[in-house]
Structures are given as C-alpha cells and as structure tokens.
Protein chains: 2
Amino acid sequence: MSSPVYIGIDVMGGDYFPEAPIEGALLAKDHMPDGSAIVLVGNETIIQNYFKQRGMKNPFKILPAPQYITMDENPAKAVKAKPQSSIHIGLKALKEGKLKGFVSAGNTGAVVVASVLILEPIEGVLRPTIGLIYPEMLGNRKFLLCDVGANIDCKPEILAHFACLGSIFMKTIYGIERPSVALLNIGEEEGKGNQQTKQAYQLLKQMKNIHFIGNIEGRDLNHNPADVVVCDGFIGNIILKYGESFYSVLKSRLDASDPFLQKFNFSRVGGLPLIGVNGNVLIGHGISGPEAFKNMLISAATYHQLGLLQAIRNQIHQFNRSS
Amino acid sequence: MSSPVYIGIDVMGGDYFPEAPIEGALLAKDHMPDGSAIVLVGNETIIQNYFKQRGMKNPFKILPAPQYITMDENPAKAVKAKPQSSIHIGLKALKEGKLKGFVSAGNTGAVVVASVLILEPIEGVLRPTIGLIYPEMLGNRKFLLCDVGANIDCKPEILAHFACLGSIFMKTIYGIERPSVALLNIGEEEGKGNQQTKQAYQLLKQMKNIHFIGNIEGRDLNHNPADVVVCDGFIGNIILKYGESFYSVLKSRLDASDPFLQKFNFSRVGGLPLIGVNGNVLIGHGISGPEAFKNMLISAATYHQLGLLQAIRNQIHQFNRSS
C-alpha cells in the first residue's frame, strides 16, 4: 500500500483561525480524493487544545510550526523574520515532497513571497500568478481571471505570459482542449486601451498556441466571456475586491440561503490558486469559513491528481516559444 | 425679462435616438430650474417628423445640425470629418454662450475629443476628467469617481489633479465644504500599490487644500468611502462598466420596480459630467432612456446655476499651488 498523498492546511491563517481551518479539515476529511489525507500545519498546543475543547480526538497528522505570521504584518519582513512560521513549514514540506498541496488563508503577500522564495517558479515561468476562478454569473461557465494580486506592475510580456499559464491551468484542471483567452480592456476593438494593453494585444495576437479572442470590457466579466481573462495584478485585485463586495450589497435584499447570493460569498467559495511555482498552493480569503477551507483542500488534492505542475513544466516552454 | 438659459440636447446621440432624447426633453420640460429652457440639437427633418408622428407640435427650439457621428466611429477621425455634426453644433453654441449646457449620449470619445477641441480646457486645468456620480450602496452618500475614461494613461500628477477638480465639483454641486478624497488602490496602507499610485499618494499627502484620507480598496467603493475617489481612466472605465453590469445580473432575481435594483440602472440614472472644459457637458450612456436624458438636462442646468465653471476658474490655481 502506497503512503497517502498529504495535503497541508495552515491552521494559523485567516481571520478565524484555528477554528475555521480545523473545522474545514473535518468537513473535507471524508470528501478528499482517494488516497489523499490532510495534515494540520501550526502550533501543536493550540491544535490539541482545540480538539480537547471540542471533546474529540484529533484525527489528523500535525506538522508543528512554532511561529505564525499575522494578517497585517509586512509580507517581506515577516517572511524574513519568522522562518518557522506555519507558512514556511508548510511550503518547505511541499518543496521536499512530503506534502503535495498546501492551503492557507493567512497573509496573502506572505504566502506569495514565501512560495516564490521556498518553492521557486517552475523553470520557464517568468512570474507566477494568482488566479480567481470567477463564478458563473450570466454566462454558463467558470473562467480564470489572472493576475489578481501577485504582480502589481506588469509589462505587456507578462500579461501575455499569464495567458500561457492560464491556458495550461484551464486545460489541465477543467479539461478544456483549447481555452479561449481574452484581454481585459476598455474597448473591444484592436487599438483600444492603455499603453500596456495595446502592446499586450499585439503579443497575444501573434502567439500561435494561445486561442486569443481579443479584448473584453468590464461589463463582459459577468457574462463569462472566455476561459481565461488576463489583466495586471493591480486591476485584477481591485476587480476581485469590488466584485466580492456585491455580496454585502445583496445580502440586505436576498435570503441568506439563496444560491444566487452564495455565488458572491467568498467566505464559502474562496481559494485562489497560485499558478507557476513548484507546488500546489491555494490562497484563501481572510474571511474563509470551514466550507472554503474544505473546497481548497479538495482543490489542492485535485490539482495534484491531475498533474498541474507537470503540465506547466511540460508545456510552458512550448507556449513561450509560440510568440 | 431676461432671455432663458438654454440647455442643448443632442437628438442624434445614443442607441435610441431620436426617440429617447426627445422624450427625455418632453419629460424634463416642466421640471427644469426656473428660467431655463431646452434646445434640440440635430437634424431638423428627423425632429419635425418625430413630432408629426407623435401627433403633437414641437415645443422646443431647434439648433439644426446636418451631420451626426455614429456610436462606433473612430472618435478622432469622426470629429475631424464631420464638423457639422450635432456634437460640434451643440458644443460651438456652448462655446459662444448661446447654450449654457449640453448633454449627449452619443459616441463618448467623440464628445470628449470635440469638447477639448472646441471648448478647450479651463485655464489651469491639465486634463479634463469624466466623473461618475456613484450611487449610495452601503454608504449613505453619493461620491464622485474620476477619471472613468477621458485619460487612459495617467502620470501620478494627473491623479492628484483629478483630486482638485473632483473637490471643486463636490463642493460646488453638493455643497460639501471640505470634500474628502481617497485614492483607489490595492491596500489601505501607505506604500501599497503600483508605481503610479505609490507616487500619487505622496503628492496627495502634501496638498494642503486637498482633504486626503488615504487609499481605499475595490471593496470599499460600495461603502461610499469618500466624497471623491481618484483613479486613472483605464481602471475607472473598467470599474464603471463592471459595476453597471450587475444590473443585468440582478434583473433576473429582483423585481424590475425595486428601487434597490434601479440604483444599478444606467438607462435611467446615467449622465457623466465632463469636468474641466469651458462648458457644462454631460455625457450619457449609449443605452440612456428618457429618464436619463431628463436627469442630464436638469443636471446641466443646475451646474450652470451653481456656477461650476466659475468655481473651477476661481479655485483651480489655488489647488494647483497647494502642492
């Protein structure tokens, strides 16, 4: 019998730790893909006390981490100052192959900085990207919006590179043979946009392995216009946070159980893949609740099962050459 | 008896011309500020035929314009090629003082280009800006988001300049003594952002006449966080179109008459002020219906009545000096 595929969860991250991640792990336990198991990464005493208070035995392995990074610490400084944080310990285990996936709803900047430092980008990846799996709104499919915060100032070449990473992701995880790619812009016609998007358009047009369908506008996002939509991390992050804030706006008008409303509920559906590093990392929203953690754990195991890292390793050079 | 204050309406603009602008003028007729009257700008035959078909006498003056610019023409080319368009005729009458305001739901780019060309920026204004008067969502006040499309690539100084124009606008039109100004960004702390917003933050902080309250994030927009929120026209335009698309998303769940839903309905509430040129210009959404045109006409007359142009002329130098 082969040893299980271990997926780590950062028990010290998010606004509601340790409760939300531990309860998420308990929720996910019986729904993980066959052969995978969950490992709790964090302060052992806090974890054991939680189970004690809950009156149950801890069913998970623990990867002890004496330190943790708070939500409002400066990412670069915290990553340097706390080498024994739950984020570090989890990512190091991922690097060494002891874990096959790691999920954290902790300090997003710290997770990104530490991932790039410890896991390093996959060979051929210029910049790893954080993707948002945008829910079906008026369209009938999910799509990947990237980048939503890992790369704030982006040259046009980097936007084109996100198209490669996004295409490999959607092909590998969603089984879409030739994912369509759109560029987020302020007009549909070629020639519209700022300097960055005008140049990115020209690059994308020339890339043979990218199924580029042109520009889309802000209003098109809710129509789910392509399989991958690329933008820089500045605008992507503003779109991410603006979009999710409609949940608060709508909560006053719609019943809490309304499935329509729940599409906007990032405390349940959260989990942003960090694409392009040597490890399956999912970043949760600070407000992630147990259900979000459950979904992140299953996603991380699924990414491993579907061979996301190997797909990027195999295909990124071919995409890079296509321009 | 003094002659009326004439406000022009572009009858040849928008997706539903001439019906929507003419019906809007009829709706507005008895609600205009005292002493103001509406002038229809456009093709005389089309206008007369419309009233004939409607079985009524035209109650408005007409400013004839033999040409018109379509919604999908290249703005710069069309402005050059059609000097007798309804947009040109209206703006020239504004320039000459025959009109005191002009509203159009035509080709936005063409209205901006022609306004800058014909009316010219007010002395001291570096770049005129298009503002969105953002509706009350979770907050309890409207605010001005600018720029939403007039200036696509902006240096940090231009963002700071929008803060000046926006502050004068909110003080003059909404009577707010010391309007608060926020910078749209990806984090609240000083030092967050891309190169542009990091530098703009430093400029805004130093401007004595600007009541700068710092960065806001995408999620804060629906909480109506300040009186003025500044961003470049690229991100502002994407936010404008993304935000308004939630109307289509919500229409499937909420009753059409729901006042909550109507906040998102840009076919009714439209009208973006072009701030900083020598004339009161309001730009409507292409899908503007009669109610949007009515509101735009009343707004243009109100801007004149409250002395918006004079306020900008008087105050812009003082704001510019404050940095």
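Chain identifiers are assigned alphabetically (A, B, ...) following the order of the sequence lines, protein sequences preceding nucleic acid strands; residue numbering begins at 1 within each chain.
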**Asked** If you draw a 6.0 Å radius around NZ in A:Lys198, do more than 12 non-hydrogen atoms from other residues or ligands fall strictly inside?
**Response**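 Yes, the 6.0 Å shell around NZ holds more than 12 heavy atoms from other groups.
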**Item:** Other residues, nucleotides, ligands: >12 heavy atoms within 6.0 Å of A:Phe143 CZ
**Value:**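 Atom CZ in A:Phe143 is packed in, count exceeds 12.
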Heavy-atom distances under 4.5 Å only: say whether [X] touches chain A with side chain, backbone, both or neither.
X        : result
B:Leu138 : side chain
B:Leu261 : neither
B:Asp258 : side chain
B:Gln195 : both

**Message:** If I measure from the heavy atoms of chain B, does A:Ile239 come under 4.5 Å with its side chain, its backbone, both, or neither?
**Reply:**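 Both backbone and side chain.
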**Asked** Once the angle between the rings of B:Phe246 and A:Tyr242 is folded into 0 to 90°, is it parallel (under 30°), tilted (30 to 60°) or perpendicular (over 60°)?
**Response**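 Taking A:Tyr242 first and then B:Phe246, their aromatic rings stand perpendicular (interplane angle over 60°).
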**Request:** Could you walk me through whether B:Leu254 and A:Leu254 pass side chain to side chain contact (heavy atoms under 4.5 Å, CB included), step by step?
**Result:** CA-CA 9 Å; B:Leu254 295 172; A:Leu254 296 173; 3.9 Å; yes
Inter-residue atom distance [X].[atom1] - [Y].[atom2], 0.5 Å rounding:
X        : Y        : atom1 : atom2 : value
B:Glu188 : A:Asp72  : CD    : CG    : 11.0 Å
B:His223 : A:Ser245 : NE2   : OG    : 6.0 Å
B:Ile186 : A:Lys241 : CD1   : NZ    : 6.5 Å
A:Glu244 : B:Asn222 : CD    : CG    : 11.0 Å

**Item:** For chain B, the option from A:Asp220, A:Ile152, A:Val249 that forms the most heavy-atom pairs under 4.5 Å
**Value:**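 Result: the option with the highest number of such pairs is A:Val249.
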**Item:** Top of A:Asp153, A:Leu250, A:Thr197 for chain B proximity - count of heavy-atom pairs under 4.5 angstrom
**Value:**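 Answer, by heavy-atom pair count under 4.5 Å with chain B: A:Asp153.
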**Request:** Apply the side chain to side chain contact (heavy atoms under 4.5 Å, CB included) test between B:Ile238 and each candidate in A:Leu184, A:Asn185, A:Ile238, A:Ile216; give the one that qualifies.
**Result:**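 Of the listed options, the one satisfying the test is A:Leu184.
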**Message:** Under a 4.5 Å cutoff for heavy-atom pairs, which residue among B:Gly187, B:Cys154, B:Gly218 has the most contacts with chain A?
**Reply:**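 Of the options given, most contacts go to B:Gly218.
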